[in-house]
Structures are given as structure tokens and as C-alpha cells.
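Have a look at the structure below before the remarks.
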Amino acid sequence: MAETAGADLLMLLHHAGLLLHLILVGFAVGGALLLCLFEIFRGEEIAHLERLVSPRIAPALILAIIAGFAPLLLLPVLHPLAYHQGGALLGVWRLAMLLPLSVGLTLIHLQSMESFRRLPGVFRFPVRLLGLLALTSVGALWAIARRVGEEATLWSARARDLPLEGMVREALPGIGLFLGVSLLLGAIGSVWLLEGEQRRARLSPGERFRAEETLLRLALLVAVGLAIAAEVLRARSGSPLGAPGWLLRGGLLLLLAGLVTQLQRVGPGRTIASIGALASLAAGLLLREKRRQALLAAGGGLDTTVAAAAGDAEGRTVFLFALGLSTLGILAVLRTLRRDAPPPPTEEETRIEVMS
Amino acid sequence: MDLPQLPVFETELLRPQTLLSSLAILHALAAQLAVGGGILAALFEVRGERWGEPLLREFVHRALAPLILIAAVLALVSGVGAWLATSLVAPRASLLLGREFIWLLGAAGCSVAFGVVCGAAYLSRARTAPARRRWLLLGGFILGTGLALLGVEGVLAFRLSPEEWVRTGDAWDGVLGAALAPSLARRVLSSLALAAVAGLIGVERMQGLDESDRRLLARTILVVLVPLALMPMATIGLLGVVTEADGPAPSPWALPLGLAALGSLLVAGGALALLVRGRSRPGRSIVVGLAALVVGSAVIAERARETLALPYDIRGVLYANGLTPEEVDLRRAARPRPREGVAREEIQRGRQVHRELCARCHASRGRSSIQELTRSWDREMLIGNLAKLHRLQPSMPPFAGSDPELEELVAWLLWTRDGGR
């Protein structure tokens, strides 16, 4: 019984780690994408957004990589055969991810630096765009390698049977979904940051509202697109809705309602939209994992020895203790950071800094 | 031990073992530099405050902080790469490590997340926050990354001394094996040395300093090089664990490791001499020499650690080709298969034997492939040498197949040598 509970905990941690990874990656990629879009279409509004979003992108990406270790560590333990069959078939693709990851992380770091933010847009834009492309290609490569890992259990594991073209084609909508969700998370995160800045009296309500309105309209557009895509995909697949499906619908409805409410400034729209976005993301993840479990069940299912791996009660206690303590520590540090935020530069200081 | 047979990753593009070693060494160096950089930054912060020397804090902001950041990012990316490569090159070993130490590795991940958040917070507030808060954040960085180092080191040291784990089956006995203490001591000393050398290079390159400023900075850094005098003890401890398990034959890595430890002793002695002499500091050429010595020693030590367990992945538990000693015995004891069928089938069976026994380390073609390594051997030499490879080359596991399987492997090798695929 205890061992089964341990295996369930491993699965829960896999999902939680993946969700956290997606949220953080979404904020980082979405933030960079927003800055690129603002650079092109809304040049005059980018200053506030850049000051708020840009320095937070790199830490979010680093934490995303750390959170991503959870599924990377748990996947081979939970599904060793499928994971390693995927590795045998597409190991080079998995390793190829390292190059765009290094490039993307370096460029995103570069754009986070204060001195870089003082450069003219003509320099900043290509760096962000390249970083964005590199990180998107990491997502695409992983999506393809993951699909192969899922399907590998159903094949004869001979490389010549690998329907690689199909995999690439199938990954394309996934990349669109990844960018859409990222844009949404980046926009909602930015709205929260703008509000925080106004509360600390660094922005006038007018400045906040102007930038916020653009972000909310963009988020609304993306959310409507995602909702339509989700319904079309479900209708095409013909599969019953199920609990995660209903959660996805409910989450998307909440998201839309929250965004509209925030645009009208009549209630706690920001909070509702955030809850809706997180619920939709969690539901999407559950739906994806459900599909994966179904595929893996056809190829033998969950590794039976995983229960033994999860059954180490002492190890579990140490982990949960470390998890709790780290979470509390991180929250305390974030609270300190917010409390100690330095005063904003005056216009004169900004002018001198730019001139220097 | 219930380990499933897992598929083999094989490519002619690159030698998987080399890729894994390179990523593991890069990860180890970057992670050590980040941890050591944090300790050095804390020393500078505390001394700067106590001595009333703003220059020491300025050095942290301008030189050490970017260094820690770059090292941490590099460590993360190479860490992802090293784990991916381990699961490709040594799937059974990585599965065993994952199963046994999943909670410990998870705890290490939590620690590193806390450390990274503290480090990022320190970097963003290094110029504005009061001293106590800066120290707390730096302390958090050192604690988080240090605990992660302890956890990961425990798993790595397990590969060298799993004896107690074999006896009890308890994961904690595996982590707290005989190799942990000397291995961890070596890592911490190496972290300090790498950070100190990077710091000395920073002192040389930093603009706008006069000679007395450079001397103050360099002499503060030299202090952390003195503990390197303990490196030979840690090395003797590590080699002692390995030798005890292996018997009287010295490890082939004893000499390089010994030389690396001697180099560390020289560095510690030099640092002490400069500190005692009072007003001197290491010149540019000495810093370059020190950097070469420290980085060289660290790389040799990491390479040695990667190969100390050979011919095993996990000493006494799992051979480098992914077979357990029990499986080798079982395969050898199995009744020889009757050699019926045509030559074509013999070649196919030979290819299968290669995939099962050799392909984890030696691809069929390309660099360090089985073809390349055996190309000067004729049929008789192939049969004779492959059967007793573990005696010819101590880092190789014993050939685990039966006599007919050996002949099938040789038939396949000769066939592919003639251009067959």
C-alpha cells in the first residue's frame, strides 16, 4: 500500500514539475516574445515593460530548467522501456537540444543585463528574436523526441520504421500552441508586474492602464484562438470530454471572463484570469499525460519496479522536508526582494545614465 | 536486482562515451566554479565589511558575481546534457541510480533551486541591500548549492563504493559509502582552487586599480588556496577506497591522480609563501601558470573519477556494457546454441551479440568503434583477443558470450570489414 502511494507520489511530482516547468518557460518565452512584439508595434510603451519583464526572464528560465529536471529524472524511472527506446531511436535529437538551449539561455541572459537594455532597439530586437527562436527549437526538438518515446513502444524499434516526417508535421501545431500559451502567460505575468509597480508608485495609473490594455487585448486574442483550437481538436478526435476536458473548458471560460473583466476594470479580473490560465494549463497537461498513459499501456504500461523505487520512506521524508524548506526559503527571499526594491531612477538620472 | 534489458543508443556521428565524459567534466568544473565562487564572494563580503574596504565589495560586484552567474548557467545546461547522455550511454546504470536515489536527487534539485534564487537575489541587490541581508543571501546560495553538491556527490561516490548497499540494500548505505568523504573533500578543495584562480585572473584584468589595490585583492584570494595542501590526503583516501576493493593492483589512474594532488600541494605551498612574504602578489605569468595547473589537475581528477570504476559502471554491480556479473555468469553457463543455419544467419546473430555486449561503448563504425579498434587483427587474433579482453585491457569487462557467440561476433566483424552492412 505504502509503495503504491509512493508510486502515485512520483507521478504527482512528475506532473507538478512539468507544470511548474511549463509556467516558468511560458513566462520566459512569452516575455521575450512580448518584448519583440512591442519593439515592432508599440515602440513608445516598451520602456516600462522592458524594465519590468526583461530582468525577470533569465531567472525564470533558470528555474524552469531546474523544475524541468523533475520530469527528466522521473520519466526514465516511471517508463524505462519507452524512454530508452525513444533514446535509442532519436538520442542525437535529444542531445541536439543542448546547442539551442545554450544559445537561447545565453541570449536571454544578455538581454536581461542592464547595460544591454540601454542599447538601441535595432540591437536589442535581433538578440531577443534569436534567443526566442533558439528556445522554441528546444521545445520543438523535445516535442518530437517525446512523441517518438511514446510511440516507440508500439513499433518494432527498428529505426527504418520511424515515421519521422509525420512526427515533425505533428510537432508543428504543438509549437504554435507552445508560443500561444507562452504569450498568454507572459501577458498575464506582465499585467501583475505592472500593477505591482503602480502600487509602489513607480508608474502613474495612466501609464499602467495604457500598457495593460495592450497586453490584455493581445491575451484575449490568443485565449479566444486557443479556446477555438481546443474545441476543434476535441470535435475532430471525437473522444469523450472527461474530467480534464471539462477542466480545460472551465479554465478557458474563466480566463476569457477574467480578461474581459480586467479590461472593463470592474472586478478582480487579473486573479480570475490567472486562475483560469493555470487551470487550463493543468488540464491540458493532464489530457496530454492521459494520452501518453494510454499509449504506454499498449506497450506494457508503467514499470512495475517503480513501486520499489518509490517505497523508500526515509528518502521520501528527506525529499519532502527539502521541498518544503526550499519553498519557504524561496518565498522568504522573494518577499525580501519586493520589500527592498530600490527606488526608481529619476528622469534626470535616466538621462545621465543613457548619455554615459 | 531486477533491471530490464534496455535498447542501445548507437551512432557513428560521435563516440557516446567521449560525449558523456566531456559533458560530465564541463558540468563538474562549472558547478565547482559556481560553488567556490560563492564561498570566495562571501569571504570578500565579510572581510570588506570588517576591514572597511569597499574595494573588496566592488570586486565581488564587478568580477565575482558575473563569474558565478556564467558558471551557474553553464553548470545547468551541461547538467541537463550529462543526464541525457548518461541515460543514452549507460541506460541500465542510470536507471539503477534513478531508482535508488530518486528522492535524494529530488532533494538536491530543491536545494539548488533555493541556492539559485538566493544567488539571483544577491546579484540584483548586491549594491543596495544592507550587509546582513547580503550575507544571508550569499549564505543561502552557498547552503543551497553546497547541499546539492553533497547529494550529487553521494550518488557519484556510490559508483565507487557500493559494497555496503549490496549487503543491506538500503539507499542511504549506498550514498554514505566509503568513497563519499574523500571524494567530497576533493570536490570542495577543487571548487576553492578554481574560484581562486578565476578571481586572480579577474584581479589582473580589472581596470582602474593601482598596485596596492591589486595586492590587497590578490592576497585575500590567496588565503583560499592554502587549504589545497589537504588535497593529497583526500586523494590518498579516495585511492585507498578503490585499492581496497580492487586488491593489490594499483589503479591505472593512481599516477595521474597523485600528480594532480602534488600539483595542488605546490599551489598551496606557493600561496603560503606569497602570503608569508608580506607585500608581494603573484604576477601575470604566475597566475597563468597557476590557472593551467589548477584547471589541468581538476580535469585530470574528473577524468580519473569517470574511469576509476572501470571495467564497471558501478563497482562490482554493473559492468560498463550494462551487464551484471551474475548475467555474465549465466550467459557463459548457458548451453552453447547449435550452429545450424547458413552464414547469413550467423552474421545476423553476430550483429545481435555486438548490440548486447559491445555497442554501449563501441559503435559498429566510426571513431573508437569495434571495427576501428580491431582492424589489424586477423580471424584467429580476433577470437583469441576478444575472449580474454579483460586480461589484455583491465578497463574492459569480460566477454560474456558463449564460444559460438564469439565466433558469430567475429564472423559479423569480418563481414562488415569487407564492406557488409
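Letters A, B, ... mirror the listed sequences (proteins, then strands); counts begin at 1.
- For a residue to count as touching a neighbouring chain, one of its non-hydrogen atoms must lie under 4.5 Å from one of that chain's; by this rule B:S78 does not touch chain A.
- The main-chain N or O of A:L52 is found under 3.5 Å from a side-chain atom of A:R56 such that the two form a donor-acceptor pair.
- If you measure heavy-atom distances from A:L323 to chain B, the contacts under 4.5 Å come from both the backbone and the side chain.
- With a 4.5 Å cut-off on non-hydrogen atoms, B:L88 touches chain A through its side chain but not through its backbone.
- Counting heavy atoms from C-beta on, the side chains of B:L318 and B:R92 come closer than 4.5 Å.
- Listed by sequence position, B:R133, B:L137 are the residues of residues 132-139 of chain B in contact with chain A, using a 4.5 angstrom heavy-atom cutoff.
- Contacts between B:A85 and chain A at a heavy-atom distance below 4.5 Å involve backbone atoms as well as side-chain atoms.
- For the pair A:L135 and A:V25, the minimum side-chain heavy-atom distance is 4.5 Å or more.
- Neither the backbone nor the side chain of B:L147 comes within less than 4.5 Å of any heavy atom of chain A.
- Here the closest non-hydrogen pair linking A:A32 and A:R128 is O-CD, 4.3 Å.
- Using a 4.5 Å cut-off between heavy atoms, B:V116 contacts chain A through its side chain alone, with no backbone atom that close.
- Looking at A:I330, the atoms closer than 4.5 Å to chain B (heavy atoms on both sides) sit in the backbone and in the side chain alike.
- Aromatic ring pairs are classed by plane angle as parallel below 30°, tilted from 30° to 60° and perpendicular above 60°; the pair B:F158 and B:F101 is perpendicular.
- Inter-residue side-chain proximity for B:V317 and B:L96 is flagged as met; some heavy-atom pair is nearer than 4.5 Å.
- For the set B:S87, B:G109, B:G119, the entry with the most heavy-atom pairs within less than 4.5 Å of chain A is B:S87.
- In this structure the side chain of A:L141 reaches within 4.5 angstrom of the side chain of A:P100, judged on heavy atoms.
- When side chains are defined from C-beta on, B:W103 does not count as touching A:V318, because their heavy atoms never get closer than 4.5 Å.
- Two residues are said to be in side-chain contact when any heavy atoms from C-beta on lie closer than 4.5 Å; B:F141 and B:V35 fail this criterion.
- The candidate with the highest count of non-hydrogen atom pairs below 4.5 Å against chain B, out of A:I62, A:L74, A:T106, is A:I62.
- Put simply, of A:L325, A:L72, A:L101, A:L105, the one with the most heavy-atom pairs under 4.5 Å next to chain B is A:L72.
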Review item, side-chain donor-acceptor pairs of residues 63-75 of chain B, under 3.5 Å, at least two apart:
none

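- In this structure, the side chains of B:R125 and B:T128 come closer than 4.5 Å at one or more pairs of heavy atoms.
- Note on B:V117, B:L123, B:D170: by heavy-atom pairs under 4.5 Å with chain A, the leading option is B:V117.
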